[in-house]
Colleague: 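Quick one: structure below, then a few questions.
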Amino acid sequence: MSTPKPTPKPKPASASKPASKAKPIVIVSGVAVAAVLLGVVSYTATRPASPGAAGSSAVADVSADPSAGVYAELEAYARRDASDKLALGRADAPVVLIEYADFKCGYCGKFARDTEPALVKKYVDNGTLRIEWRNFPIFGEESEAVARASWAAGQQGRFWEFHKAAYAEGAKEKGFGKDRLAALAKEAGVPDAARFAKDTDGAAAREAVRADQEQGYSLGATSTPSFLVNGRPIAGAQPLETFTEAIEAAAKAAPKKTAPSKKAGQ
């Protein structure tokens with residue numbers, strides 16, 4: 001009688017890697033080139049030095065040539081929706097700056113406080129520039145919660161006021177828990193607190209944030225802030241001059257509007 005062979009013990013299953021919440025969209029043609037550019041530059045220039053901080057001191061490559069570094073396919077990422085509550089400026093402005101950012105990102109806050117107001121005063125107010133916000137939360141649950149809250153504030157016409165409060169000096173250090181989000185909404189002048197709380201946790205907010213995230217990942221953005229200026233990728237909280245040069249080059253290259261011809265006798 002033969003001795004039965006011992007049953008081999010099953011090998012322990014290897015720990016599976018957590019699935020990414022937002023996988024990059026497949027990119028085709030010229031967009032792939034821009035995606036590589038923005039992805040590599042964004043990561044190397046703006047990767048967080050420590051949890052909760054991201055940014056750059058490097059200057060993006062911006063040329064005086066208005067067509068340099070511009071990808072026509074990326075211009076279509078601008079929504080130009082006049083009803084977009086997370087946008088600032090005329091829908092038909094010749095230049096659109098799209099910002100992919102996270103409210104927990106320190107350098108996004110620096111851009112919001114130090115650079116964006118100057119761009120608004122110089123270019124948005126005279127109709128040259130439109131700024132379109134994209135929620136791109138990359139620092140975990142609080143990032144996603146405040147992204148949804150910003151969208152909810154926008155539904156009551158207070159997105160930019162919420163944006164200012166959330167990016168105030170020292171704001172992110174206080175965290176973005178539920179009570180803190182309610183306090184920011186109050187500071188921003190959101191009129192209906194109950195609706196704000198409901199919208200923040202609602203499916204529409206989650207879908208809006210997911211759509212913004214997917215667009216950012218499709219560009220290859222891996223860190224914040226990342227920008228598009230009429231199809232030109234810019235990574236990091238660059239100096240004001242970098243954005244000024246990019247905006248003016250884009251405005252120069254934009255098709256000129258022609259006034260409607262007057263009928264005889266008018």
Side-chain angles (χ1 to χ4, degrees), residues 52-55 78-91 96-121 123-125 129-213 215-216 221 224-227 237:
R79 292 168 182 160
R80 292 188 176 275
D81 180 357
S83 65
D84 185 352
K85 295 176 170 51
L86 277 61
L88 196 63
R90 293 170 43 175
V96 177
L97 181 152
I98 307 174
E99 178 184 2
Y100 300 85
D102 185 320
F103 284 103
K104 285 180 69 68
C105 160
Y107 279 80
C108 299
K110 179 176 175 60
F111 174 81
R113 293 188 300 272
D114 299 346
T115 305
E116 199 163 36
L119 297 180
V120 171
K121 184 177 181 179
Y123 298 112
V124 175
D125 289 350
L129 179 68
R130 174 178 175 83
I131 298 175
E132 294 188 357
W133 172 268
R134 302 287 188 269
N135 275 304
F136 195 55
I138 60 173
F139 292 116
E141 292 182 6
E142 280 201 354
S143 287
E144 295 187 7
V146 68
R148 296 195 304 271
S150 73
W151 182 89
Q155 303 317 293
Q156 298 188 53
R158 307 301 289 180
F159 169 78
W160 290 102
E161 291 79 5
F162 186 95
H163 173 279
K164 182 178 180 180
Y167 274 140
E169 192 73 55
K172 76 180 182 66
E173 284 74 18
K174 297 178 182 178
F176 294 113
K178 185 169 290 188
D179 291 344
R180 177 66 179 145
L181 293 177
L184 287 171
K186 184 177 181 179
E187 183 180 343
V190 176
D192 189 334
R195 178 189 170 189
F196 168 80
K198 182 179 179 181
D199 285 348
T200 295
D201 289 332
R206 295 177 190 277
E207 173 58 25
V209 171
R210 184 198 63 77
D212 285 356
Q213 276 184 314
Q215 189 180 89
T224 53
S226 293
F227 305 89

Colleague: Could you please spell out the steps behind the salt bridge (charged side-chain N to carboxylate O under 4.0 Å, His left out) verdict for E161 and R158?
Modeller: CA-CA 5 Å; E161 291 79 5; R158 307 301 289 180; 3.7 Å; yes
Colleague: Which heavy atom in A145 sits nearest to a heavy atom in T200, and how many Å separate them?
Modeller: O-CG2, 4.1 Å
Colleague: Indicate yes or no: does R210 engage E207 in a salt bridge with an N to O separation below 4.0 Å.
Modeller: yes
Colleague: Quick check for you: to the nearest 0.5 Å, what is the distance between R195 atom CZ and D199 atom CG?
Modeller: 5.0 Å
Colleague: Using modelled atom types and a 3.5 Å cut-off, is there a donor and acceptor pairing between side-chain atoms of E144 and backbone atoms of G140?
Modeller: no
Colleague: I need the minimum non-hydrogen distance between A78 and V96, along with the two atoms involved.
Modeller: CB-CG1, 3.7 Å
Colleague: How long is the straight-line distance from CD of Q155 back to OG of S150, given to the nearest 0.5 Å?
Modeller: 9.5 Å
Colleague: Tell me whether the rings of W133 and H163 are parallel (<30°), tilted (30 to 60°) or perpendicular (>60°).
Modeller: perpendicular
Colleague: Taking E142 for its side chain and K104 for its backbone only, find out whether a donor-acceptor pair lies under 3.5 Å.
Modeller: no
Colleague: Could you check, using the six-membered ring where one of them is a Trp, whether Y167 and F111 have ring centers closer than 6.0 angstrom?
Modeller: no
Colleague: Does R134 pair with E99 as a salt bridge, N-O distance under 4.0 Å?
Modeller: no
Colleague: Rounded to the nearest 0.5 Å, what separation is found between the CD atom of Q213 and the CZ atom of F136?
Modeller: 7.0 Å
Colleague: Within the side chain of D102, is there an N or O that forms a donor-acceptor pair under 3.5 Å with the backbone of I138?
Modeller: yes
Colleague: Judged by atom type as modelled, is there a donor-acceptor pair below 3.5 Å linking the side chain of R148 to the main-chain atoms of D201?
Modeller: no
Colleague: Over all heavy atoms of both residues, which pair between S226 and A221 is shortest? Give the atoms and the distance, please.
Modeller: OG-CB, 3.9 Å
Colleague: Looking at D81, I131, N135, which hits side chain to side chain contact (heavy atoms under 4.5 Å, CB included) with L86?
Modeller: N135
Colleague: For the residue pair A149 and F196, what are the closest heavy atoms and their distance?
Modeller: O-CE1, 3.3 Å
Colleague: How close do P137 and A147 get, heavy atom to heavy atom, and via which atoms?
Modeller: CG-CB, 4.2 Å
Colleague: Please list every donor-acceptor pair under 3.5 Å in which a side-chain atom of residues 175-190 meets a protein atom from a residue at least two apart or in another chain.
Modeller:
none

Colleague: Output yes when R79 and E132 qualify as a salt bridge under the 4.0 Å nitrogen-oxygen rule, no when they do not.
Modeller: no
Colleague: Do any N or O atoms from the side chain of W160 and from the backbone of A87 form a donor-acceptor pair under 3.5 angstrom?
Modeller: yes
Colleague: Output yes when a side-chain donor or acceptor of R80 lies under 3.5 Å from a complementary backbone atom of A91, and no otherwise.
Modeller: yes
Colleague: Please check this pair: side chain of R130 against backbone of G89, looking for a donor-acceptor N/O pair closer than 3.5 Å.
Modeller: yes
Colleague: Between D125 and K121, is there a side-chain N and carboxylate O pair less than 4.0 Å apart?
Modeller: no
Colleague: Go through the steps to decide whether Y100 and Q215 satisfy the test side chain to side chain donor-acceptor pair (under 3.5 Å), and finish with yes or no.
Modeller: CA-CA 9 Å; Y100 300 85; Q215 189 180 89; 2.6 Å; yes
Colleague: Step by step, work out the ring pair (Phe, Tyr, Trp, His ring centres under 6.0 Å) result for F103 and F139.
Modeller: CA-CA 9 Å; F103 284 103; F139 292 116; over 10 Å; no
